Amino acid sequence: MAFVAPRCVLQRALSPWDAGSVSPPARCSRKCREPLYVVALNRYQADPGSKRYFPPHGFLYDATLSDGDCRVRVTLHPKLNPLVLKNALRCGSELYDVHFDVHFDQRGHRVQVLELEIEEEQARSRALERLRGLKLTDLPWFGRFGGEVQAVAAPLLARRACYLPLWSCDDYFGTEVHRALPYGFHYANDTHAEGMEFVTLQQVKDAFLKKDKGKPGPLIVRVLKKSRLYYFGKEDRTNEFPYQAELEVVDGSGSATVILLNLLCLRWYRLLSPDMVLKLWDYRVKESYCRRLGEDQESQDQQHIEISLNSRNPSAIVSIIPEISVQRDWRLPRQRFNFLTREALASCPDGTICDFLGLVKFVGRSERTRKKGRGPGGGGEEFTVYRWLQLDDGTGGGPILLKLHSTSQPESQTYLFPICIAACMNCQLVSTGGSAGGQSSCQYLTSTRYSQIYGDGHYWDRLYTNLPLFHRLSAWIHTLNNAEERRMAVTGGYFSFPPLPTSVGQYLAESKVASSLLRELSRALLGNPCLLTMEELRVEVGKLQYREHQRFTIQGSIIAASYSSPRAGLGECSAHYSSRNSASLEPHCSSDSSSGAPSQNPR
């Protein structure tokens with residue numbers, strides 16, 4: 001039993017024993033007026049089991065609180081969710097007057113937080129001082145009668161296997177569940193497949209078309225593409241592992257799509273990467289999703305069948321074959337690349353899928369926009385996260401912009417910073433229409449479901465490092481003035497794309513001619529192009545969540561304007577005043593108030 005300090009705040013606040021009582025009550029209410037600190041905050045999808053405690057609600061939150069002597073995992077009442085959505089309640093927050101609702105039974109305790117007060121922003125420094133030097137993972141857990149409770153990486157009030165990222169459902173979260181398995185993990189479990197002759201994808205396809213009821217044999221394939229993770233949890237269904245991922249695989253006879261599902265997806269997703277060689281057995285063959293929807297765009301290819309890998313019915317077996325053990329007679333094609341230079345992209349049509357290699361000049365902050373339709377969260381709680389990057393490869397035409405959404409390796413995106421080489425795979429070219437003044441169209445790249453991105457330190461073992469294009473880029477980088485490049489590099493800040501009109505005259509002129517650029521701007525970004533009053537703007541901004549990105553159009557009179565250089569010494573602060581100027585403005589609004597970074601545009 002772990003030792004808990006006798007003066008532990010949580011121990012006194014949550015103890016089930018009341019003065020004069022013989023046995024602990026089944027339920028009690030407690031209020032802790034002494035400070036507590038939030039050391040972890042987790043989000044998960046509600047399911048039918050959660051409805052016993054709360055009305056139907058998209059997402060629930062668990063928190064880990066500590067007083068410096070012990071810690072406890074609690075559930076936040078849904079009425080406290082707005083504090084999390086605005087990022088007012090976050091890791092490091094100091095809480096006081098916390099109202100607990102505690103349930104005791106034979107399995108232990110369940111603690112719910114009904115009300116709380118958050119200390120001012122300056123209290124974060126006090127929280128850091130209080131917890132400085134403590135190893136939080138070694139603190140004992142408050143449990144029944146002071147005993148230790150084993151922490152689990154699972155939600156408290158739902159039958160989900162793991163938590164979701166706090167701000168998006170498109171990435172995996174929790175290293176304990178999404179664990180990477182060692183090479184050859186399943187070799188010991190598939191000895192019954194030894195001696196069996198391997199089959200090809202063509203043979204699997206032929207057997208499926210002939211409706212052969214026999215069990216297909218083992219497959220040896222190479223992974224060409226890996227999709228981002230998909231979460232399909234729903235409130236009305238109980239599924240412990242609601243995950244899915246896609247792999248595009250190939251052998252000497254053709255290609256196919258492999259679907260990783262549920263528990264198998266969690267176990268293997270982080271480990272698998274493009275160019276790996278896999279042995280698959282005990283899989284199911286289905287008609288492809290596109291054909292089931294009547295979207296058979298690849299009728300002449302193997303893509304119209306799917307190989308489904310699940311943890312049951314049957315329990316699929318996955319093995320990784322090291323490259324040194326790959327035999328030539330397997331005829332497994334290597335990963336293919338379609339690298340295009342910035343100069344070549346200028347003449348490519350809209351929708352081109354390509355790879356790009358360049359030097360990072362600008363890294364924008366992460367921003368969120370609401371997903372269309374009703375996602376698993378419902379009520380507009382589903383968001384997609386993206387950030388803007390600017391890359392240059394020195395071939396002319398200026399830098400290219402990349403709108404980077406979630407990919408299959410979110411940890412590598414933390415290694416993207418200015419003056420590093422980035423390789424972006426399976427990106428799509430997007431071209432916006434030219435302006436009324438005859439300006440050329442705007443182009444940028446956007447990530448797709450199969451995109452991979454490799455930043456500094458994550459690309460040296462990749463095949464493309466042997467291509468002449470990579471060596472040419474390295475040679476061009478060595479010709480640059482590192483000090484000048486670093487001075488001009490930008491990290492953080494807001495970035496607007498497509499570009500906003502530079503003047504009221506241009507705005508009105510383009511509105512009259514209804515240029516394609518303005519139409520796309522209004523339709524895709526503004527949503528409702530009607531003008532807002534300042535009071536309406538205040539209401540709309542109040543609805544924004546943490547790092548949510550949205551544009552509004554307002555009209556008013558400019559009474560003061562000022563400019564401050566983002567870097568000291570680069571310019572003088574200036575201001576001018578006017579009482580008659582009237583303009584239509586499009587401010588870039590966000591509820592992210594935790595960072596004071598000014599709006600910046602990369603050069």
Side-chain angles (χ1 to χ4, degrees), residues 224-225 248 274-275 333-364 386-405 407-409 412-413 415-434 439-482 484-486 488-491 495 497-499 601-603:
L224 292 184
K225 297 179 182 179
E248 185 179 316
D275 209 47
R334 298 304 298 262
Q335 186 180 7
R336 300 183 294 266
F337 301 106
N338 181 29
F339 281 106
L340 296 180
T341 63
R342 178 66 181 97
E343 185 180 26
L345 284 175
S347 58
C348 289
D350 184 38
T352 300
I353 302 295
C354 64
D355 307 324
F356 190 81
L357 191 65
L359 180 70
V360 178
K361 294 293 191 70
F362 165 76
V363 179
Y386 68 92
R387 67 195 308 184
W388 285 99
L389 275 70
Q390 189 186 71
L391 305 100
D392 196 357
D393 64 354
T395 61
I400 186 72
L401 291 169
L402 171 64
K403 190 176 185 180
L404 182 62
H405 295 267
T407 63
S408 59
Q409 2 75 294
S412 69
Q413 297 189 26
Y415 293 91
L416 296 173
F417 50 85
I419 319 303
C420 81
I421 297 178
C424 314
M425 311 297 183
N426 301 300
C427 296
Q428 185 174 18
L429 182 66
V430 179
S431 299
T432 61
Q439 298 178 356
S440 59
S441 62
C442 300
Q443 289 184 321
Y444 67 94
L445 296 172
T446 182
S447 56
T448 63
R449 62 176 179 172
Y450 284 116
S451 288
Q452 303 272 317
I453 187 162
Y454 303 98
D456 189 61
H458 285 74
Y459 54 79
W460 296 115
D461 59 341
R462 301 294 169 179
L463 293 177
Y464 60 82
T465 56
N466 298 321
L467 298 177
L469 186 67
F470 185 86
H471 296 294
R472 187 207 63 77
L473 177 65
S474 299
W476 172 70
I477 291 176
H478 281 90
T479 65
L480 301 177
N481 185 325
N482 289 337
E484 178 68 14
E485 291 296 321
R486 291 183 183 276
M488 299 300 296
V490 177
T491 301
F495 180 77
F497 190 86
N601 284 325
R603 62 186 179 93

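Everything numeric in this text was worked out from a predicted model, so none of it was measured.
- Within the 4.5 Å cutoff, side-chain heavy atoms of Phe356 are placed close to those of Asp393.
- What you find for Leu445 and Cys354 is that their closest heavy atoms are CD2-SG, 4.0 Å.
- Using a distance-only test at 3.5 Å, with no hydrogens or angles considered, a donor-acceptor pair links the side chain of Asp355 to the main chain of Asn338.
- For the atom pair CD1 of Ile400 and OG1 of Thr341, the computed distance is 10.5 Å after rounding to the nearest 0.5 Å.
- In this structure, the side chains of Leu429 and Leu340 stay at 4.5 Å or more apart for every pair of heavy atoms.
- Remark: side-chain polar atoms of Arg342 are paired, donor with acceptor, to backbone N or O of Gly398 under 3.5 angstrom.
- The environment of Arg334 atom CZ is dense: over 12 non-hydrogen atoms of other residues, nucleotides or ligands sit within 6.0 angstrom.
- Here CG of Leu404 is found 7.0 Å from CG of Leu416. Values are rounded to the nearest 0.5 Å.
- With hydrogens and angles disregarded, no donor-acceptor distance shorter than 3.5 Å links the side chain of Gln452 to the backbone of Thr407.
- The minimum heavy-atom distance linking Ala422 with Val360 is given by the pair CB-CG2, 3.7 Å.
- Residue His405 holds its NE2 atom at 10.0 Å from OG1 of Thr448, rounded to the nearest 0.5 Å.
- Distance CG/Leu473 to OG1/Thr465: 12.5 Å, rounded to 0.5 Å.
- Between Tyr464 and Tyr454, the two ring planes are tilted [angle within 30° to 60°].
- Under a 3.5 Å cut-off, the side chain of Thr395 and the backbone N or O of Glu343 do form a donor-acceptor pair.
- Tested against Tyr444 for a side-chain contact (heavy atoms from CB on, under 4.5 Å), the candidates Leu401, Leu389, Leu345 yield a single pass: Leu401.
- Here the shortest heavy-atom pairing between Pro418 and Val363 reads CD-CG2, 3.9 Å.
- Put simply, CZ on Arg336 and NZ on Lys225 are 8.0 Å apart, with the number rounded to the nearest 0.5 Å.
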For a side-chain contact (heavy atoms from CB on, under 4.5 Å) check, start with the C-alpha distance between Leu463 and Phe337, then their side-chain angles and the critical distance, and finish with the verdict. CA-CA 9 Å; Leu463 293 177; Phe337 301 106; 3.8 Å; yes

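- Side-chain contact between Trp476 and His471: absent, with no pair of heavy atoms (C-beta onward) separated by less than 4.5 Å.
- In this structure, the side chains of Cys424 and Leu402 come closer than 4.5 Å at one or more pairs of heavy atoms.
- Rounding to the nearest 0.5 Å places CZ of Arg449 at 11.5 Å from CD of Gln428.
- A side-chain donor-acceptor contact under 3.5 Å links Ser451 to the backbone of Asn426.
- Closest heavy-atom contact between Thr352 and Cys348: OG1-CB, 3.8 Å.
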Checking side-chain contact (heavy atoms from CB on, under 4.5 Å) for the pair Leu480/Leu359: CA distance, chi angles, key distance, verdict? CA-CA 11 Å; Leu480 301 177; Leu359 180 70; 3.7 Å; yes

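- Between Leu224 and Tyr450, the closest side-chain pair of non-hydrogen atoms is not below 4.5 Å.
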